[in-house]
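Reading through the structure tokens given below for one structure.
Only heavy atoms go into these numbers, but all of them, side chains included; no hydrogens, no water, no symmetry mates.
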Amino acid sequence: MPLLLSVIFTLAAISAAASAMGLKCNCPSGGGKFCGTDGECHNLSCAKYYQYGQSGPASQGPNVDEGNTETLTCKDIETTATGPGSELFYGSVSYRCSELLPPPIQTGFNRKCTADGPTFEFTCYELSKGTQFLNFLSEVDSAVNAGMNCTNDEDPGQDPDFSYAYVFDTRNGASSSTAAGAVFNGTAELDKVRATTGTLYSSYKKKPPTSAPTPAPT
């Protein structure tokens, strides 16, 4: 899988896509909210995205999935690994330059939410509110002490910053789509509020229709 996380689309681009779907939320760029299927701006979380990002039970969107009546169940987990070969490729917070060099330092997610309905499977990862980021910050400090610098020729004086990413992955049979972006701007110092309320990975999979059983020959 390509390093899609390195391509951080702006919130404006996501809002434009929402507008193309007939949704006009006017969510402020960098304000920490996403445009829901009900046409309103919502804080980013697995619960909110399940309800308002995937036509869930609270959605009033035009394409409500009648199968989305299952309760979302969440639990804390060990922090997920990131990068190629990991069960969950994407990270939550990254200390990075605008380019891929030097390689970004990432941390994963430590909270998992699931809902399994008759027509869909929804899996979502987020960060719990009390996350301390101790290991992640230790890795960042080591990189800074080792002289981590950005190598962008257009802006050689640029310093790395902390970025807060979301990824929405939707699959329906042979078709799939992935949207990556950020609801918060990056910061020079780690902002734990932005980290725990502005990062998310969700996977929404439509199940194939169930065929009626073939009647036994008489």
Side-chain angles (χ1 to χ4, degrees), residues 1-2 4-5 14 17-18 21-23 25 32-93 106-131 164-183 195-215:
M1 182 180 294
L4 184 59
L5 188 60
I14 302 299
M21 298 169 59
L23 303 175
C25 298
K33 298 180 183 294
F34 72 94
C35 181
T37 53
D38 59 348
E40 300 292 335
C41 299
H42 297 278
N43 294 326
L44 186 66
S45 70
C46 286
K48 291 295 185 182
Y49 192 67
Y50 174 58
Q51 291 179 321
Y52 298 105
Q54 292 294 348
S55 297
S59 173
Q60 300 301 314
N63 300 311
V64 175
D65 185 342
E66 297 297 337
N68 280 25
T69 57
E70 299 297 320
T71 300
L72 189 68
T73 302
C74 301
K75 64 179 181 179
D76 292 340
I77 60 173
E78 293 293 325
T79 302
T80 58
T82 63
S86 303
E87 179 181 358
L88 184 63
F89 176 84
Y90 300 101
S92 55
V93 185
Q106 297 179 322
T107 188
F109 299 92
N110 59 12
R111 186 169 173 81
K112 181 179 181 180
C113 301
T114 58
D116 190 357
T119 63
F120 72 97
E121 293 179 5
F122 179 79
T123 304
C124 185
Y125 294 85
E126 59 188 1
L127 286 169
S128 63
K129 296 298 185 289
T131 302
Y164 313 95
Y166 67 74
V167 177
F168 303 149
D169 189 10
T170 305
R171 302 185 182 221
N172 186 358
S175 65
S176 64
S177 63
T178 301
V183 294
T196 56
T197 62
T199 62
L200 181 149
Y201 169 79
S202 75
S203 172
Y204 183 86
K205 298 179 182 180
K206 291 283 290 184
K207 294 181 179 179
T210 303
S211 302
T214 303

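- Residues Leu127 and Val93 share a closest heavy-atom pair of CD1-CG2, 4.1 Å.
- Between Leu72 and Ala47, the shortest heavy-atom contact is CD2-CA, 3.6 Å.
- Between atom NE2 of residue His42 and atom CG of residue Leu44 there is a gap of 11.5 Å, rounded to the nearest 0.5 Å.
- Considering only heavy atoms from C-beta on, Pro84 comes within 4.5 Å of Phe89 through its side chain.
- Among all heavy-atom pairs drawn from Tyr125 and Thr123, the shortest one is CE1-CG2, 3.8 Å.
- Between Thr79 and Asn110, the side chains place no donor N or O within less than 3.5 Å of an acceptor N or O (distance only, hydrogens not considered).
- With sequence neighbours left out, Ala81 forms a side chain to side chain contact (heavy atoms under 4.5 Å, CB included) with Ser86.
- Atom OH in Tyr49 sits 10.5 Å away from atom OH in Tyr204 (nearest 0.5 Å).
- Rounded to the nearest 0.5 Å, atoms CD1 (Ile77) and NZ (Lys112) are 6.5 Å apart.
- Going from atom OH of Tyr52 over to atom CG of Asn43 covers 11.5 Å, rounded to the nearest 0.5 Å.
- SG distance check for Cys113 and Cys46: not under 2.5 Å.
- Ser176 and Arg171 make their closest contact through CB-CG, 3.8 Å (heavy atoms, listed as atom of the first residue, atom of the second, distance).
- Atoms CG and CZ, on Asn172 and Phe120 in that order, are 13.5 Å from each other to the nearest 0.5 Å.
- Using modelled atom types, one side-chain atom of Ser92 and one backbone atom of Gly108 make a donor-acceptor pair closer than 3.5 Å.
- When all heavy atoms of Gly36 and Cys25 are compared, the pair lying nearest together is N-SG, 3.9 Å.
- For the pair Cys41 and Lys33, the tightest heavy-atom approach, listed with the atom from each and the gap, is CB-CD, 3.8 Å.
- Two rings, from Phe168 and Tyr166, have their centers less than 6.0 Å apart.
- Evaluation of the salt bridge (charged side-chain N to carboxylate O under 4.0 Å, His left out) test over residues 117-131, restricted to residues two or more places apart or in two chains, returns Arg111-Glu126.
- In this structure, CZ on Phe34 lies 8.5 Å from CG on Leu200, to the nearest 0.5 angstrom.
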